[in-house]
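Reviewing the structure listed below.
Basis for what follows: all heavy atoms, side chains included, without hydrogens, waters or symmetry-related copies. Numbering of residues begins at 1 and proceeds along the displayed sequence.
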Amino acid sequence: MTLWLSIGIIFTLLAIVTILYKWGNLQCIGVTPVKTFTFIAILFTSGLDVGLIMFPLTEFAGYADIKASPEYAFANPLAIEFGYWGFLIWGFYFLTCFYFCVIEPKVKFFEIPWVKLLNNVIIIGTCAFTAYLLLSNLPWYLPELGDGSTIIPAFYLLVFAAICFAVYSSTSLKYVRFLSVATTWLFIALIVFMWSAVFIFDDSSVADFIGQLGLIGEYFTNIEQFVLPLNDYHEFYLFWWFAWSIMIGQFTSRFVGGLKTYQVLGAMLIFPSIPIALWFGVLYHYHEAGISTAGIKNFAMVFVGVVFVINSLDSLIRLYTDNLNLTVKRLGMRNYMIFNIVALSLLTLLFKLEFIQIQWVGALVIGLFLSCAMYIGYSKFNAVRRIESSPQDNTIDYSKIETAS
C-alpha cells in the first residue's frame, strides 16, 4: 500500500506541474460560478470535516513522543499537525478541481459506466466515513454524557440528526452555499472564542501566542518531509486526502468564478491554510499550557464539528445523487430523504464495525487517477492538448446560483 500511495503522490505532483506549465493563465469558469470568497468558503467547509476540530488535541502528545516515533524528530508537534492538514496537500483538491472544470468536459472519462459506478461508490463511502469520525470522537469530547470512552445512544442520535440535516440541505445548492459561508464565519468565531479564553484562564500574552504560532514555520523549512508517508499514521492521512480529493474536485469545480489556473492553486493552498494554522495554534497552546477544554469549550467544538459534518455531507450527497440521477425531482422529497438517510446510516455502522477502511477508498482513487491518465494518453491526447479555455457554455454569471435547484 505504501508503494501504491507513493506512486499516487508523485503522479499528482507531476500532474500539477504539467497543468501550471500548459494552462497556468487559463481562466477557470465553472457551470455555477460564485464570487471568490464564496468559492473559498465552499472549498474550505466542504473539503474539511470534523477531524479538523477534534483530532489535534488527541494527537499533539503522540507527535511529541519521539522515543516512540523518532520519525517526528525533524519538527515540533504543531508543525507536524499542520503538515497533515495544511498547504501542500490541498494541491490534491486543485488537481481534481481543475480537471473537472476544464479537462473532463472534453474527455468524459467519468461518464464511462464502470468509472461512474466506482466514483459514486467512493463518494458514498467517504460520506459515511465522515459521519463515523464524528461518532467515534464524541466520547472524548463529551465525557459529561457518558464515561468518556463508550459510544452511548445519545451519540448515535446526534450523528443521525446530522445526517438527516445534511440530506435536507443537499436538496438545494442555495442551502449548500448559505451553509458554507455561515460555517466559515462560525469556525472563525470558534477560533476567536477559544483564543480569548486563553487569556482568561492563563497568563499568556498575545506575543507568547504569536511566538508559539511561529513554530509552524518548521513545516515550511521541512516541507519535503511531508511529501511521502512518514509512517503508517501519515499514510492513513494521505489516503484520506486522496479519498476526498476526487469528490471535492467534482463539487468545487462547478463554483470556480473566473480565477486563472495559478490563482486557483494559490487560493487553494493559502486561504484554507490560514484558519487551519490559527486553529491549530490555539489548540497547541491549550495542550502545552495544560488548559482544560471541559464544559462550554468542548460543547462549542462539538457544535462546530457537527456543522462541519453537515456541510461536508450535504455537498457530497448532492454530488452522488446528481451523478446517479437520484434527485429530488426524480424520487420526490420523501423518497429522496429516506433513501439517503438509510444508506448513510447503514454505511456509517459498517465503518464502526471496521468492515470498510478509508485506506481502501483512497487506493481506489489513486487507481482512478492513473486510469484516467492512461485513457487520456491513449484516446484523448489531442483533444486535451488543444484545450485553450474552459467550456464555452460556462460564463461568469454569479446569478446562476440563485436559480440553481
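For the atom pair Y375 OH and F109 CZ, the distance stands at 8.0 Å (nearest 0.5 Å). Atom OG1 of T36 is separated from atom CG of L259 by 4.5 Å, given to the nearest 0.5 angstrom. How far CG of L13 is from CG of L88: 6.0 Å, rounded to the nearest 0.5 Å.
Taking the charged nitrogens against the carboxylate oxygens, R318 and D314 have no contact shorter than 4.0 Å, which rules out a salt bridge.
Side-chain contact check for Y237 and W85: at least one donor-acceptor pair (N or O, by modelled atom type) lies under 3.5 Å.
No side-chain heavy atom of Y156 sits less than 4.5 Å from a side-chain heavy atom of T348. Contact of the Y336 side chain with the T321 side chain is registered, since non-hydrogen atoms from C-beta on lie closer than 4.5 Å. Residues Y320 and T126 fail the side-chain proximity criterion, which asks for heavy atoms closer than 4.5 Å. Side-chain atoms of L78 and E288, non-hydrogen and from C-beta on, never get closer than 4.5 Å to each other. The shortest side-chain heavy-atom distance between P272 and L43 falls under the 4.5 Å cut-off. Side chains of I16 and T12 form a contact here, defined as non-hydrogen atoms less than 4.5 Å apart. By the 4.5 Å heavy-atom criterion applied to side chains, I246 and F369 are counted as neighbours. At least one side-chain heavy atom of I387 sits under 4.5 Å from a side-chain heavy atom of L26.
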Open item on the list: Applying side chain to side chain donor-acceptor pair (under 3.5 Å) to Y84 and E59, what does each step give before you reach the verdict?
Closed with: CA-CA 11 Å; Y84 279 26; E59 294 176 330; over 6 Å; no
- [ ] Begin from the C-alpha positions of T293 and M194 and carry the test side chain to side chain contact (heavy atoms under 4.5 Å, CB included) through to its verdict.
- [x] CA-CA 9 Å; T293 60; M194 296 289 285; 4.3 Å; yes
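Applying the ring pair (Phe, Tyr, Trp, His ring centres under 6.0 Å) test between W240 and each of W360, Y233, F55 identifies F55 as the sole match. A ring pair (Phe, Tyr, Trp, His ring centres under 6.0 Å) with F92 is found for exactly one of F242, W244, Y99, namely F242.
Contact record, A79 with A75: CB-CB, 4.1 Å, taken as the closest heavy-atom pair. Across all their heavy atoms, S136 and P139 have their closest contact at O-CD, 3.6 Å. Nearest heavy atoms, L230 versus Q225: CD2-O, 3.3 Å.
Pairs passing the side chain to side chain donor-acceptor pair (under 3.5 Å) check and including a residue from residues 14-24, sequence neighbours excluded, do not occur.
Using a 30° and 60° split on the angle between ring planes, F60 and H287 fall in the tilted class, from 30° to 60°.
In this structure, T58 has no side chain to side chain donor-acceptor pair (under 3.5 Å) partners at least two apart in sequence or on a different chain. For S371, the side chain to side chain donor-acceptor pair (under 3.5 Å) test picks out no residue, with sequence neighbours left out.
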